[in-house]
Amino acid sequence: QVQLVESGGGLVEAGGSLRLSCAASGRPFRSYAMGWFRQAPEKEREFVATINWSGDSTYYADSVKGRFTISRDNAKNTVYLQMNRLKPEDTAVYYCNLRVLTDPGASDDYWGQGTQVTVSS
């Protein structure tokens, strides 16, 4: 079983910054992509950012591109999300995601419990 634990959420004013962390334990796989999703009140969960195993490929939602940066430290089994110039619309519960590719071309997803980010204005 894979366990994902997020941390670093909190309350911040618009224009401020937060750094989220997600530590994975009990990894039974050779390699995996990791990313972040978020879910605002009364909205569906949406994609935020993802990073591949080697860390040389990242992808961001248009809404956060240029403001958020995802990174990972495989030695620590940890993925980070640096969030700058935060906006009220960034307010959401942020979830860490771990994706393992499986045969035949499918994938399995594991999720953390979420950490609350609230941006005031």
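Residues take their numbers from the sequence shown, with the count starting at 1.
Here Asp62 pairs with Lys65 in a salt bridge; the nearest charged N to carboxylate O distance falls below 4.0 Å.
Aromatic ring centroids of Tyr59 and Phe47 lie under 6.0 Å apart.
Considering only heavy atoms from C-beta on, Val48 stays 4.5 Å or farther from Tyr60 through its side chain. Looking at Thr115 and Val93, their side chains never come closer than 4.5 Å, going by heavy atoms from C-beta outward. Counting only heavy atoms from C-beta outward, the side chains of Tyr110 and Asn97 never approach each other to under 4.5 Å. Using a 4.5 Å heavy-atom threshold, the side chains of Ile70 and Trp36 count as touching.
Note: Glu6 CD to Cys96 SG = 5.5 Å, rounded to the nearest 0.5 Å. We find the OG-CG distance between Ser121 and Leu86 to be 12.0 Å, quoted to the nearest 0.5 Å. Between the CD atom of Glu13 and the OG atom of Ser120 there is a distance of 5.0 Å, given to the nearest 0.5 Å. Interatomic distance, CZ of Arg72 versus OG of Ser21, reported as 13.5 Å (0.5 Å rounding). With rounding to the nearest 0.5 angstrom, the OG1 atom of Thr50 is 7.0 Å from the CZ atom of Phe37. In this structure, the separation between OG1 on Thr91 and CZ on Arg38 is 9.0 Å, given to the nearest 0.5 Å.
Of all heavy-atom pairs between Asn74 and Trp53, the closest is ND2-O, 2.9 Å. The shortest non-hydrogen separation linking Ile51 to Thr58 is CG1-CG2, 3.7 Å. Heavy atoms only, all atoms of each residue included: Arg85 and Ser17 are closest at N-OG, 4.2 Å. Minimum heavy-atom separation, Arg67 to Asp90: NH1-OD2, 2.8 Å. What you find for Cys22 and Leu4 is that their closest heavy atoms are SG-CB, 4.0 Å. Taking every heavy atom of both residues into account, Gln82 and Asn84 meet most closely at NE2-OD1, 3.0 Å.
Placement of Val117 and Tyr80 in two distinct hydrophobic clusters is found when ILVMFWY residues are connected by side-chain heavy-atom separations under 4.5 Å, directly or transitively.
Gln39 and Glu46 form no side-chain donor-acceptor contact under 3.5 Å, judged by distance and modelled atom types alone.
The local environment of CD in Glu89 is crowded, with over 12 non-hydrogen atoms from other residues, nucleotides or ligands closer than 6.0 Å.
For the pair Arg45 and Tyr95, the cation sits on the ring face: its NZ or CZ lies under 6.0 Å from the ring centre, inside 45° of the axis.
At least one donor-acceptor pair under 3.5 Å links the side chain of Asn52 to the backbone N or O of Asp56.
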